[in-house]
Amino acid sequence: MKNYDQLIDSALAELESCETPELLDKVRVKYFGKNGEVTNILKSLSKFSQAEKKDMGKKVNLFKQTFFDNLEKKKKVIEQIQIKEKLQKEQIDISLPTREEKKFDSKIHPITHTVNEIISILGNMGLNYEEGPDIENDFYNFTALNIPENHPAREMHDTFYVKNNSEKLVLRTHTSPVQIRNLKKKKFPLRIFAPGRTYRCDSDITHTPMFHQVEGLVVDHSVTFANLKWFLEKFCKTFFDNEELKLRFRPSYFPFTEPSAEVDINCSITAGKITLGEGDKWMEILGCGMVHPNVLKMSGVDDQKLKGFAFGMGIERLSMLKYGMPDLRDFYDSNIKWLSHYGFSFLETTDLSWR
Amino acid sequence: MKFTVGWLKDYLEFDYSVSDLCNKLTNIGLEVEKVSDPSKTLKNFKIAKILKKIPHPNADKLSLCEVFDGKENLQIVCGAKNARENLITVLAPVGTIIFSGEKNEFKIGKSKIRGEESNGMLCSEEELGLSDSSEGIIELNENFKIGDKYSQYISDEDIMIEVAITPNRVDCAGVYGIARDLFAADFGKLKKKKIFKIESKFKTEINLVNKLKNSDCPEFSIRLIKNLENKNSSANLVKRFEKTGLKVISSLVDVTNFITVDLCRPLHVFDYDKIKGNLTIRHSKKGEKFLGLDDESYELDDGMIVICDDSGVISLAGILGGKKTACDDNTKNVLIESAYFLPASIIKSGRKLNIQSDARYRFERGIDPDSVIEGIEYATEMILKTCGGEPGSIVSDGKKIAKNNKIQVEKAFFERILGVEISNQFIHDKLNKIGCDLEVNENLVVTPPSWRSDIKIKEDLVEEIARLYGLEKIPSIPLISQNDVNKKKISDIQVLRNKIKKMLVSRNIFEIITWSFTDEKIQKLFGEKDNFLSITNPISSELSCMRSNLLPNIISAIKKNINKNFNNFSFFELGPVFLGKEPDEQFDNICVVRSGKINEKSWIENERNFDFFDVKADLSSVLNCLEMDIDNFDIFRESKPYYHPGKSGSLLISDEIIGFFGELSPVILNSFDIKNKLVAFELNLTKLLKFYKKKEKSKNPLIASQYQASKRDFSFELDKNIFSLEIIKLIKTTNSKLIKSVKVFDSYEGEKISENKKAVGFEVTIQSNEKTLTDDEINEISDNIIFKVKEKYDAKLR
């Protein structure tokens with residue numbers, strides 16, 4: 001079977017020399033196809049003796065195994081080479097610009113962001129989030145808050161009036177009417193806060209006809225000014241994220257609280273930049289006090305049994321102090337550059353589902 | 001309220017620094033708004049003398065001065081006309097900062113002015129911040145020693161303090177009141193007020209009728225002073241007026257203005273010779289005319305307090321004097337008026353006529369009713385001193401209103417409100433010092449002084465004690481949380497609103513906040529009739545009514561940005577609209593507007609404008625936030641006239657329209673002068689949220705079939721006006737169990753198809769949860785789909 005040995009050698013050599021899968025297949029057909037050389041040998045085995053048959057069959061099977069092993073190996077090698085060649089050709093200009101990102105990544109308005117922060121802090125401090133309407137009648141906005149018709153404090157509020165035939169309607173000048181709406185429900189202890197839009201007929205560098213306030217009210221059997229101080233200190237330190245922040249309570253006047261105070265926080269001002277929590281300058285941030293007994297009475301609450309504290313602050317001001325916007329009026333100018341600069345990514349702003 | 005430290009020292013002896021004084025004022029509730037203390041900024045300025053003056057060789061208006069500053073002779077170029085030899089004046093040496101701390105501050109350097117060396121500057125009062133006068137350089141007398149620092153000569157009269165007076169504290173709208181309050185806070189020693197009682201030289205013969213003595217004007221007094229000369233006020237008074245911003249007019253008028261600020265006792269002076277006949281105090285009648293001292297003519301209303309002579313109204317009581325009877329340089333005989341008017345009446349008249357005056361400010365807040373005679377005597381004393389003359393007797397009609405408001409307060413009450421124990425002794429001492437009378441039994445019975453009409457109830461007493469004790473000394477005590485702490489603090493709706501905002505921002509839409517107001521004219525363009533709410537006193541015509549729709553403001557905001565050359569962006573607002581005056585007619589709406597292109601042309605992507613389907617996707621995302629599916633809503637083709645009629649629709653729930661969406665009509669955009677295509681949706685969130693059902697916390701089991709899904713495509717030719725959504729819904733109903741999804745993969749209208757028709761391709765996914773479906777089973781489902789669609793919509797399979 002000298003021929004046969006030669007045949008094996010040449011078959012394996014041919015396999016090795018192949019460069020494409022198609023050539024590999026040709027070699028396979030040449031030896032193991034229907035009329036392949038090895039196939040033909042197997043066909044002719046019947047002419048041989050039993051012993052020769054056995055010996056030959058063994059040899060052919062062995063060869064077959066080797067052939068197909070080599071074929072597979074060679075196939076993989078060729079594939080590797082081909083993929084490599086293909087990838088080599090797939091070259092791009094990696095210096096080209098990326099797909100145009102949206103020119104401005106859109107943002108949450110800083111008021112929303114600031115309100116969300118306030119909601120989180122006050123909610124965690126045990127106050128309920130309440131809301132009230134923007135159009136109020138005279139009673140809720142003034143009278144029930146101990147601001148009678150001829151009170152000089154009404155002049156402090158430049159009130160917008162809504163054209164109406166029956167009762168006197170105003171755009172609420174503060175969020176305090178929400179106090180009244182909740183006191184009237186007479187569920188005590190009462191602990192609420194109410195952020196929202198407020199309106200005053202005033203427009204200059206430091207005033208816009210619409211702005212935002214947040215109101216806080218706690219009414220219970222034993223609430224004191226000392227509690228109010230603790231509460232606001234905790235709120236301010238949390239909001240401004242500054243344990244060093246100092247608060248100054250300064251006697252003041254609001255018709256709906258007695259005693260009343262305004263609260264300043266300390267800061268330093270260098271080259272127009274305000275740094276909170278250091279220095280000996282004071283920046284006014286809110287008004288507060290113990291709920292005036294007339295306010296409780298007018299809502300039908302027993303002012304002998306129940307005491308409370310209330311506070312109110314301007315949200316724009318808190319936002320400007322924390323985030324450094326220089327001009328109040330920009331909040332409502334819808335300037336895309338300003339929104340982009342001072343707004344907040346939706347990933348940054350507080351999620352309220354913690355409650 | 002402005003005063004100088006020197007003025008305060010008329011009534012209060014103290015040795016503290018200005019900054020101590022300011023801190024104290026603020027701490028007791030008299031917030032210091034401004035301090036002007038020249039001694040701080042004037043440290044470098046020196047007293048100097050001009051030895052020689054020669055003309056500047058190169059400039060006509062300038063001169064060269066040789067100035068001695070106590071040490072050496074300096075050459076200084078000076079432009080002042082009053083510069084002359086031997087004049088003692090103020091020198092700003094090289095290195096001095098002028099207008100320190102102001103915007104226009106500058107530093108004096110060694111310089112050459114028109115070729116001549118100048119080593120410093122000779123100063124005017126303005127440059128020292130002493131007054132607004134820049135007329136020439138300061139002229140000083142021999143009492144100023146050459147070489148001294150000028151700040152050594154700053155007196156208490158140069159230091160001005162301005163405090164904010166809260167509406168309840170009119171007692172501090174007088175320098176004496178401020179001194180009294182500081183004294184109560186243990187800051188210095190209060191000097192006794194001088195009480196004058198001038199002996200009259202004759203009887204004031206005037207017929208005075210106060211018709212309002214039982215109502216608006218309980219007390220009215222006058223005194224005539226004859227044969228005086230209305231000279232200039234003293235230099236001291238003039239300086240105080242300049243420092244505190246009061247206008248110097250003439251001695252007689254200055255006296256009344258001085259006492260107004262000194263004692264918080266407004267007065268008025270009439271030129272007696274200009275008064276015709278009798279004086280009557282009465283209510284005005286509608287239509288009466290009055291010419292004020294301010295040269296304005298006022299038309300009066302019913303019920304204002306007026307002082308009249310036989311010729312008519314000569315003074316608007318407590319608010320403004322009249323021109324007709326005003327004192328002038330020739331006044332020889334003066335009638336001083338001192339009265340008490342009820343605050344409510346003054347507020348009403350003052351507001352109605354919109355007159356701001358120092359007198360009104362004080363009367364309407366309630367001055368000391370006990371000060372009528374004191375005021376007239378004080379004014380007499382001052383007038384006699386500067387103007388001479390003979391005083392007549394005081395004529396009064398009406399009398400002091402006796403006020404005996406007693407307040408009972410339990411001793412424990414102070415601690416109950418403040419949360420800190422304060423000694424009885426402290427409380428008694430302070431209440432005494434602010435002028436209260438005390439009776440001490442088991443309770444405290446307090447009678448506040450006549451000048452503190454703001455102290456009415458026991459809480460007012462607590463405030464007095466709190467501010468004099470010092471709010472800073474009250475401890476911070478934690479608020480004890482009680483039963484409801486674990487309760488939810490925020491409603492689902494409040495959380496959802498925030499979630500929607502965040503979701504819209506994540507879709508690259510900027511959140512904006514716009515006014516709740518809008519322009520009436522623009523609102524009307526949006527099809528609103530006159531049923532919206534107008535503002536009686538709008539700040540401008542652009543903000544003249546309450547918005548009933550968010551679109552106008554957002555479109556205006558977009559226009560502003562287009563003007564700045566930004567074209568491709570999106571805005572949304574989530575905020576209130578007002579459909580009526582009742583609280584339940586205020587709704588939260590959401591409005592999204594997208595402008596321009598979503599993609600700009602680039603090497604990698606095609607340019608594409610925002611279109612209907614972008615904004616429909618936004619709307620759909622909002623609904624998804626609320627666990628709702630847009631395909632479960634009814635959608636109508638009819639929307640609002642400001643939308644493109646063919647590319648818009650309305651969204652309904654339970655037969656109620658809750659939103660509109662689509663492309664905005666070019667007609668409305670033209671009125672904003674916008675060329676870009678805008679797409680928008682509006683949604684009434686408040687209405688929609690009524691249908692919100694909160695998902696249960698626990699989720700349904702996950703069903704994911706492991707058997708093969710098959711896809712089949714169908715293309716139908718349909719009438720143009722049939723919604724593809726209807727076909728989708730129909731296909732789903734043919735076998736709701738096995739049909740997992742139906743998608744539109746193609747929609748064609750055009751030449752290859754007849755005019756009223758369109759071809760829509762649907763890809764249907766069929767899958768069983770139980771087995772692999774056979775071809776026969778799938779074919780049966782397909783045949784059924786074709787049959788049902790053909791039957792119901794007269795469709796043709798293509």
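Small disclaimer: the values here were computed from a predicted structure and weren't measured.
Heavy-atom distances place both the backbone and the side chain of N335(A) under 4.5 Å from chain B. Using a 4.5 Å cut-off between heavy atoms, H113(A) makes no contact with chain B at all. Within the 4.5 angstrom heavy-atom criterion, only side-chain atoms of N164(A), from C-beta onward, approach chain B. Interface remark: L339(A) contributes backbone and side-chain atoms alike to the contact with chain B (heavy atom separation under 4.5 Å). Contacts between Y361(B) and chain A at a heavy-atom distance below 4.5 Å are absent for every atom of the residue. With a 4.5 angstrom heavy-atom cutoff, E262(A) touches chain B only via side-chain atoms. Within the 4.5 angstrom heavy-atom criterion, no atom of V115(A) approaches chain B. When heavy atoms are compared at a cutoff of 4.5 Å, W603(B) approaches chain A solely by way of its side chain, counted from C-beta outward. Contacts between I457(B) and chain A at a heavy-atom distance below 4.5 Å involve the side chain alone, from C-beta outward. Looking at F572(B), neither its backbone nor its side chain comes within 4.5 Å of chain A, counting heavy atoms on both sides. In this structure, the portion of M290(A) lying under 4.5 Å from any heavy atom of chain B is its side chain and not its backbone. Only the side chain of Y199(A) comes within less than 4.5 Å of a heavy atom of chain B; its backbone N, CA, C and O stay farther away.
Ionic pairing of D216(B) and K348(B) is not present here: no N-O contact between side-chain nitrogen and carboxylate oxygen is shorter than 4.0 angstrom. A salt bridge is defined here as a Lys NZ or Arg NE, NH1 or NH2 lying under 4.0 Å from an Asp or Glu carboxylate O, and K307(A) with E459(B) meets this definition. Residues R250(A) and E284(A) are paired through a salt bridge, judged by an N-O separation under 4.0 Å between the basic side chain and the carboxylate. A salt bridge does not link R248(A) with E472(B): none of the charged nitrogens is closer than 4.0 Å to a carboxylate oxygen.
Exactly one residue among R172(A), R181(A), K168(A), R197(A) makes a salt bridge (Lys or Arg N to Asp or Glu O under 4.0 Å) with E136(A). That residue is R181(A).
Stacking of K564(B) on the aromatic ring of F566(B) is not recorded, the 6.0 Å distance cut-off and the 45° axial limit not both being met. Seen from the ring of F413(B), K458(B) counts as a face-on cation partner, given the 6.0 Å and 45° thresholds. At least one test fails for K107(A) against the ring of Y342(A): distance under 6.0 Å to the centre or angle within 45° of the axis.
Residue with the most contacts toward chain A among D460(B), I28(B), N27(B), I465(B): D460(B) (heavy-atom pairs, distance under 4.5 Å). Residue with the most contacts toward chain A among E585(B), K499(B), R547(B): R547(B) (heavy-atom pairs, distance under 4.5 Å). Among I477(B), I509(B), T166(B), the residue making the largest number of heavy-atom pairs under 4.5 Å with chain A is I477(B).
Between F211(A) and Y332(A), the ring centre distance reaches or exceeds 6.0 Å. In summary, the aromatic rings of F309(A) and F231(A) are positioned with their centroids under 6.0 Å apart. Aromatic pair F510(B)/F569(B): centroids not less than 6.0 angstrom apart.
The contact list for residues 553-563 of chain B toward chain A, using heavy atoms and a distance under 4.5 Å, reads A557(B), K560(B), N561(B) by residue number.
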Test side-chain hydrogen bond (donor to acceptor under 3.5 Å, both in side chains) on T514(B) and E573(B); report intermediate values, then the result. CA-CA 8 Å; T514(B) 70; E573(B) 181 169 10; 2.6 Å; yes

